[in-house]
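Each remark here refers to the structure printed beneath this line.
In what follows, every chain begins at residue 1, and chains take the letters A, B, ... in the order their sequences are listed. Note that these values count all heavy atoms, side chains included, but never hydrogens, waters or copies made by symmetry.
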Number of protein chains: 2
Amino acid sequence: MHFSKTTEYAIRVLSYLHRYSSTSHSVNVLHQELNLPYKYLTKMMTELVKKGLVTASRGREGGLSLAKNADEIHLCDILEAIGEPLESERCILGFEKCDASNPCALHDQWAPPKAMIEAMLTNTTLASLLHDKETKL
Amino acid sequence: MHFSKTTEYAIRVLSYLHRYSSTSHSVNVLHQELNLPYKYLTKMMTELVKKGLVTASRGREGGLSLAKNADEIHLCDILEAIGEPLESERCILGFEKCDASNPCALHDQWAPPKAMIEAMLTNTTLASLLHDKETKL
DNA sequence: TTATAATACTACTACAAAGTAGATAAATAC
DNA sequence: GTATTTATCTACTTTGTAGTAGTATTATAA
Ligand code: SF4
Ligand code: SF4
């Protein structure tokens, strides 16, 4: 019951880019500040650039920064960019097509948490996260 | 954001054993009825036997059945037997040790769904699942 | 113009989860 | 006793995610 590592990384990186959004940051900085594997990050960030969440500029003084306002980036956008399946797409017992009229045994118990997670993912923006500088990232 | 395949399989199998608990069922029957890979199931069921959730008897008329009353088997027991980490053990952004006094950026948003999932896993027993025979497993 | 700091690309390795195959051991119906 | 039905054991293959390595490309400061 967890996100993929890649999703975790993406959330942490984007949070960092938002928290220190006065300037852009190189992959190397993100790698050092967040303790994430450098080469893996380069791949991931290239992907986030392609998906339009991040802008990149090369050369000296280049680096990465958010491509949109932080209040326009929802958590579900991040999951989608990464390719992490959303709750609505692949549900708890692994059945593909499922709805309340053809429920699995767990449906009644799972529906409330499921709805809560979905709401949280769709309603939460980067801007609405904790931005206390003390918060770990 | 999902359970491991093995956990999904375990929940489905145990639900089946409970629903049709008047007799025991061979791995072969479970394999056919639930459309799960036979060899993989044998391994998994052996594990569930070792963990004390299921009893097995060999030979003709043998098979598998629940080792406890269905109202004594909670979902979290199943996850634990499978080795799936619970919410409390590994949290949303992958930090190991985390508490409200040293939160990650997502903590405030994640806490409610997290609590709801944990409550659901600890409170839900096999007996409390939907047992309408129409429910898919 | 040139050295340098950065992203982007291609290809590989490492590991764990999922799935497969074949042989062995136990219980029981006959 | 024996054949058959069942679980159990050991070992392998496949697949997907995570992580690594080296090179090419781009931009800019000097
Ligand atoms: S029936 Fe409900 S809980 Fe089960 S897989 Fe479908 S939506 Fe999810
Ligand atoms: S701070 Fe809260 S949400 Fe973040 S990892 Fe810890 S318990 Fe989970």
Side-chain angles (χ1 to χ4, degrees), chain A residues 1-14 17 23-67 79 81-85 90 93-94, chain B residues 1-14 16-17 23-67 78-79 81-85 90 93-94:
Chain A
M1 206 52 176
H2 51 82
F3 289 137
S4 71
K5 283 277 182 198
T6 313
T7 298
E8 289 175 9
Y9 294 173
I11 293 175
R12 293 176 61 197
V13 165
L14 294 178
L17 289 180
T23 173
S24 65
H25 303 274
S26 70
V27 173
N28 193 39
V29 164
L30 296 171
H31 152 62
Q32 289 176 7
E33 292 297 313
L34 299 176
N35 256 295
L36 302 180
Y38 174 76
K39 283 290 191 178
Y40 196 72
L41 258 190
T42 64
K43 254 197 320 191
M44 194 187 83
M45 296 315 291
T46 301
E47 196 57 28
L48 291 180
V49 168
K50 281 181 185 165
K51 290 287 163 53
L53 289 181
V54 169
T55 51
S57 61
R58 302 196 196 196
R60 281 192 176 181
E61 310 284 293
L64 303 151
S65 53
L66 294 183
L79 297 220
I82 292 302
E84 172 110 31
R90 181 191 184 275
L93 285 190
Chain B
M1 206 53 176
H2 51 79
F3 289 136
S4 70
K5 284 273 183 199
T6 314
T7 298
E8 289 175 9
Y9 293 173
I11 294 174
R12 293 176 61 197
V13 165
L14 294 177
Y16 185 93
L17 290 180
T23 174
S24 65
H25 305 273
S26 69
V27 173
N28 193 39
V29 165
L30 296 171
H31 152 64
Q32 289 176 6
E33 291 298 313
L34 299 176
N35 256 295
L36 303 180
Y38 173 75
K39 284 289 190 178
Y40 196 71
L41 257 191
T42 64
K43 256 198 317 192
M44 193 186 85
M45 296 315 290
T46 302
E47 195 57 29
L48 291 180
V49 168
K50 282 181 184 165
K51 290 286 163 54
L53 289 181
V54 168
T55 51
S57 59
R58 303 195 197 199
R60 279 194 176 178
E61 310 285 292
L64 303 151
S65 53
L66 294 183
I78 302 175
L79 297 221
I82 292 301
E84 172 111 31
R90 182 190 185 278
L93 285 191

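Looking at heavy-atom distances under 4.0 Å, Thr6(A) makes contact with sugar-phosphate atoms alone, never a base. Using a 4.0 Å heavy-atom distance criterion, Tyr38(B) is classed as making no nucleic acid contact. In this structure, Lys5(A) reaches the sugar-phosphate backbone alone: every heavy-atom distance under 4.0 Å involves primed, P, OP1 or OP2 atoms, never a base.
Here dT8(D) presents its C1' atom at 18 Å from NE2 of His31(B), a figure rounded to the nearest Å. We find that CD of Glu47(A) is positioned 13 Å from P of dT17(D), with the value rounded to whole Å. One can place CG of Leu64(B) at 13 Å from C1' of dT5(D), the figure rounded to the nearest angstrom. Going from atom NZ of Lys43(B) over to atom P of dA7(D) covers 17 Å, rounded to whole Å. Atoms OH (Tyr40(A)) and C1' (dA21(D)) sit 16 Å apart, rounded to a whole Å. Rounded to an integer number of Å, the gap from Lys39(B) NZ to dA17(C) C1' is 19 Å. Separating the CD1 atom of Ile82(B) from the P atom of dA17(C) is a distance of 12 Å, rounded to the nearest angstrom. The CZ-P distance, from Arg60(A) to dT2(C), rounds to 15 Å in whole Å.
Projected onto DNA chain D by closest heavy-atom contact, Tyr9(A) and Gly62(A) fall at different nucleotides, the more 5' of which corresponds to Tyr9(A). With DNA chain C read from its 5' end, the first of the two nearest nucleotides for Lys50(A) and Gly59(A) is the one closest to Gly59(A).
Of all non-hydrogen atoms in Leu34(B) and Arg12(B), the two that sit nearest each other are O-NH2, 3.0 Å.
Rounded to the nearest 0.5 angstrom, Tyr16(B) OH and Leu66(B) CG are separated by 12.5 Å.
No donor-acceptor distance shorter than 3.5 angstrom exists from the side chain of Glu84(B) to the backbone of Phe3(B), with no hydrogens or angles considered. Between the side chain of His31(B) and the main chain of Leu36(B), a donor-acceptor pair closer than 3.5 Å is present.
Judged by atom type and distance alone, Arg58(B) reaches the base of dA25(C) through a side-chain donor-acceptor pair under 3.5 Å.
Under the 30°/60° scheme for interplanar angles, the aromatic rings of His2(B) and His2(A) are found to be tilted.
Here the side chain of Ala56(A) is nearest to one of dG19(C), dT6(D), dA8(C), namely dA8(C).
Listed pair Thr42(B) / dA7(D) fails the phosphate criterion, with no side-chain N or O lying under 4.0 Å from OP1 or OP2. When the side-chain nitrogen and oxygen atoms of Ser4(A) are compared with OP1 and OP2 of dT17(D), none of them lie within a distance under 4.0 Å.
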